[in-house]
Amino acid sequence: MSPDKINRMINQIATFFETQPDADKAGCVADHLKEFWEPRMLEQLADHMKSGGDGLSPLAHEGSQRVLDMPA
Amino acid sequence: MKDFILPTRMANGDIDMGTPRSKSTNMVTLKIDGFDVTVPEGTSVMRASAEAGIQVPKLCASDNLEAFGSCRLCVVEIEGRRGTPASCTTPVGEGMIVKTQSSKVKKIRKGVMELYISDHPLDCLTCAANGDCELQDMAGMVGLRDVRYEAVANHFEARNSSGDVNTQFIPKDDSNPYFTYDPAKCIVCSRCVRACEEVQGTFALTITGTGFDSRVSAGAGGDDFMSSDCVSCGACVQACPTATLQEKSVIEMGTPERSVITTCAYCGVGCSFKAELNGDELVRMTPYKHGEANRGHSCVKGRFAWGYANHSDRILDPMIRDKITDPWREVSWDEAISYTATKLRDLQSKHGVKSIGGITSSRCTNEETYLVQKMIRSTFGNNNTDTCARVCHSPTGYGLKTTFGTSAGTQNFDSVEETDVVIIIGANPTDGHPVFASRLKKRLRAGAKLIVIDPRRTDIVKSAHIEAQHHLPLLPGTNVAVLSSIAHVIVTEGLMDEEFIRTRCNWDEFAHYAEFISDLRHSPEATAMLTGVDAQELRAAAKLFATGGNGSIYYGLGVTEHSQGSTTVMAIANLAMMTGNLGKNGVGVNPLRGQNNVQGACDMGSFPHELPGYRHVSDDATREVFEAIWGTTIDPEPGLRIPNMLDAAVDGTFKGIYIQGEDILQSDPDTKHVQAGLAAMECVIVHDLFLNETANYAHVFLPGSTFLEKDGTFTNAERRINRVRKVMAPKNGYADWEVTMLLANAMNSGWTYTHPSQIMDEIAATTPGFANVNYEMLETRGSVQWPCNDDNPDGSPIMHVDGFARGKGQFIITEYVATDEKTGPRFPLLLTTGRILSQYNVGAQTRRTENSVWHEEDLLEIHPHDAEVRGIRDGQYVRLASRAGETQLKAQITDRVSTGVVYTTFHHPDTQANVITTDYSDWATNCPEYKVTAVQVALSNGPSEWQEDYNAQAEQSRRILPAAE
Ligand code: SF4
Ligand code: SF4
Ligand code: SF4
Ligand code: FES
């Protein structure tokens, strides 16, 4: 999966949760990723984040960090 | 196997009661031939007699049509009434005393029959309807022994006795591929005309002329059946009491001697059929009157398009090859299965447990789907299972689960009979879900109002005796904006159902939502610029929906297949909740499912994150339930979805896939990406009827069986679990569930199922919504709608009656977000895709039937203005290009589409509309955005390079070596 595709998918998810009333929006993004993303996709996300996570919106970035910090 | 299975509840079996059932609750008692009979007010004397077991002779009456009273065969005597009234048109009255037999009525009936027979060819012995003809039956019943009239003129002889041409004679019309119309045998009872109007709603037939000159005619003068508006649903053929309208298959093979009740394997309506056979030769499929989804109606696909089951293209022997550039080699089942098992295990030992996976089929049974996901989770040991619902209704699952708590539609189809205002959004029911469309049209003709939200002027917008009150032709991709504007009008004008919201939802949540939606940016005037929908029209539609009585919403893939698919589903749910349109008859949120068992495939745990019954794999308690029965451990992490599998294949971490009954290369978006993914895998196993497009990239081909060749169940769009019954032995040797079991057992699973009913028992034992479902129950009830358990022992026709599955209904904020797929100078038009009536999905089945006469190729619909500026004329080849790829097809110029929008279907591999579609997808579920692609259209100078390469590869790949001796 290209970083572009990762960015597009997570930005889309973040765009939705951005509009939701939940207090912890980044938590919602992280939960969504945890619920639907297979571990090797999360690994690719981890690589992407290690190299800065360029192209992720602020909320997408925060959500991504949060999901990677979750216990396996 | 039992030959004829008639659920006992259906006391009246197949007897035609003469006139429709009355829905009145007032009961009336009368005496018929000395017996007391109590029936609902409004029942005809004919039907009341039938209820008492007395059959009055009849020709023009049938219980799926309103009484007409033209043949006068059904006359009876009623005490205190003058003359001999027709029993079909006479309603019962309290205390009435009826005599169905008397010398007077007998004489009249004989006279009527004599007249009919004098103008009917007496070639019964060689007639296709011999033994299946009501005219014959009635002649027998009234005791007709001789015909006194010598007809001066008749309709059935081509020449009269002096050899002159008989101008009344009309030759047989066999233009329709499936049935003939032989006017020589017509008794002008007009049952066909009424069936076409009342049951099908197409109005293709009329009676022209009067008296002796009256004839049935299809379309206008000069038309035959094929050139008329006829959609070949078969309702008229079913209604015809004689051989006038007759299936060609019966003419060819003779009348069937046994029948088995089963379920159509095409679309999500799930019609019940009688498969009628001689021995194991299928003669015809007729709609089953007691089928609760279709109530005796059918469409051209289920009724007639079953010939693919015997098509010579069907592959009956397993085949393998090492490389996809090799020709196929036919092998024994043993060799194929052990080759596959070894290859899959090798891949796992080299590349890890998660390097393989599979795709379950929405065309296969629940039991088969359950087994495939079980094999993946338990035998493969990972959760890499997905299903074609990924590419169609996965947003429905996500959206309805979030808002209501259950991933399914809320109503049964009968509910439409009580609806007052219908919104159809992103669905084309007359083509995609024809039998439901007929039921809907019947309700619309009776006065219900219709709002259509669709970029195209679909047939339902305006057709015979139906016209939508409002058609909102939005630009593709702006569903959320339009639905939000509708909600804006309802909320700002205070038209919501406050009582419902307060009791059934969370008021604070709604208040927050109301604040959001009341903002001026959601007003129709503000959104008109991006949606292209007239603000006044939208306001009127919103008011109509909120105030017009029972409001129901029916939607299809035009809702889900967008980057905001899940959001749109939630917007629909919001609309239903704020207007209180849930939990009773005539309302609800109704996804129209594409394939026959999409609902079932989702229910059965086909998705990588969910075990059967929509329970997340991370849930320990759920996993334990399955682990206890399966004796294996289940991975708690979600697996890969189809697009993710293809990505992982390209990345080199996903190597093998078992695909049951799906053609992902043709049906999934961005064909080039799918090609690349498949080409990167080392073991692609295709389990299907035909060498489909995906098989061009396969290493193993396992022949599949048709729905006629196995036992099982399908679950339709109304959550109805219908039985599929084995009508004949599998031509390939094994039902699909047996093939999956062979493979699983070759990988040491030790499964011991001997009948699908045992698989259903396992489903019931593990999945709460199915707890009380078993084959014995289905045998007696006919069908049942889940949830069916101790709380709902009779199943659940309507959901969320007293409360939502999740407790309180949840309002979700639905902000419109424009898709990234945008038009620009290079790609200035928006392409949207869909389907048509006669073809089904990728067309693998329907293309192998006579249905192709209605649709030989995919066409590109383009507005006259857009065509003109490009110099395109109707029927010319054009090149359709997007940033993903390009293809060539013929243009059809029509103002059904607006300017700026073009439309095509995806039934034919030569066109491959999906070369054009992109890998953009729904934010929540990765459901691809099929419905919006920015494209350019130009006159073409021959097939695209891609098409040429593709066809060359396909031809190369389909070679089969003769079997080794
Ligand atoms: S087949 Fe259906 S549409 Fe065609 S004439 Fe008969 S009833 Fe009408
Ligand atoms: S075609 Fe059949 S149903 Fe139609 S009027 Fe003639 S006999 Fe009756
Ligand atoms: S409406 Fe659907 S289920 Fe019914 S006959 Fe047609 S294709 Fe089959
Ligand atoms: S059946 Fe009653 S008039 Fe024909």
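Per chain, numbering begins at 1; letters A, B, ... match sequence-line order.
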| request: Return the option, out of B:Val650, B:Ile812, B:Asp820, with the maximum number of heavy-atom pairs under 4.5 Å with chain A. | output: B:Ile812
| field | Atom group of B:Asn383 that falls short of 4.5 Å from chain A, counting heavy atoms | value | neither
| note | Greatest number of non-hydrogen atom pairs under 4.5 angstrom with chain A, of B:Glu815, B:Lys354, B:His512, falls to B:Lys354
| remark: Between B:Pro638 and A:Pro39, the two heavy atoms sitting closest are O-CD, 3.5 Å
| request: Step by step, work out the side chain to side chain contact (heavy atoms under 4.5 Å, CB included) result for A:Lys34 and B:Glu637. | output: CA-CA 9 Å; A:Lys34 184 77 187 160; B:Glu637 304 270 10; 3.9 Å; yes
| field | Under 3.5 Å side-chain donor-acceptor pair for A:Gln44 and B:Asp647 | value | no
| field | Name of the residue among B:Ile813, B:Thr814, B:Val817 meeting side-chain contact (heavy atoms from CB on, under 4.5 Å) with A:Thr19 | value | B:Ile813
| request: Side chain from CB out, backbone as N, CA, C, O: work out which of these in B:Ser563 comes under 4.5 Å of a heavy atom of chain A, or both, or neither. | output: both
| field | Identified ring pair (Phe, Tyr, Trp, His ring centres under 6.0 Å) counterpart of A:Phe16 within the set B:Tyr816, B:Trp923, B:Tyr398 | value | B:Trp923
| message | Return the CD to NE2 distance between A:Glu35 and B:His609, rounded to the nearest 0.5 Å. | response | 6.0 Å
| Interface moiety of B:Asn384 toward chain A, non-hydrogen atoms closer than 4.5 Å | side chain
| Proximal component of B:Tyr513, with respect to chain A [non-hydrogen, under 4.5 Å] | neither
| field | chain B contact residues among residues 3-15 of chain A, heavy-atom distance under 4.5 Å | value | A:Lys5, A:Arg8, A:Met9, A:Gln12, A:Ile13, A:Thr15
| note | Applying salt bridge (charged side-chain N to carboxylate O under 4.0 Å, His left out) to B:Lys401 and not counting sequence neighbours gives B:Glu610
| Is it the side chain or the backbone of A:Phe36 that comes within 4.5 Å of chain B heavy atoms, both, or neither? | both
| field | B:Met645 and A:Glu38, any side-chain heavy atoms less than 4.5 Å apart | value | no
| said: With a 4.5 angstrom heavy-atom cut-off, is it the side chain or the backbone of B:Thr653 that approaches chain A, or both, or neither? | reply: both
| field | chain B interface, residue from A:Arg40, A:Gln20, A:His32 that has the most non-hydrogen pairs under 4.5 Å | value | A:Arg40
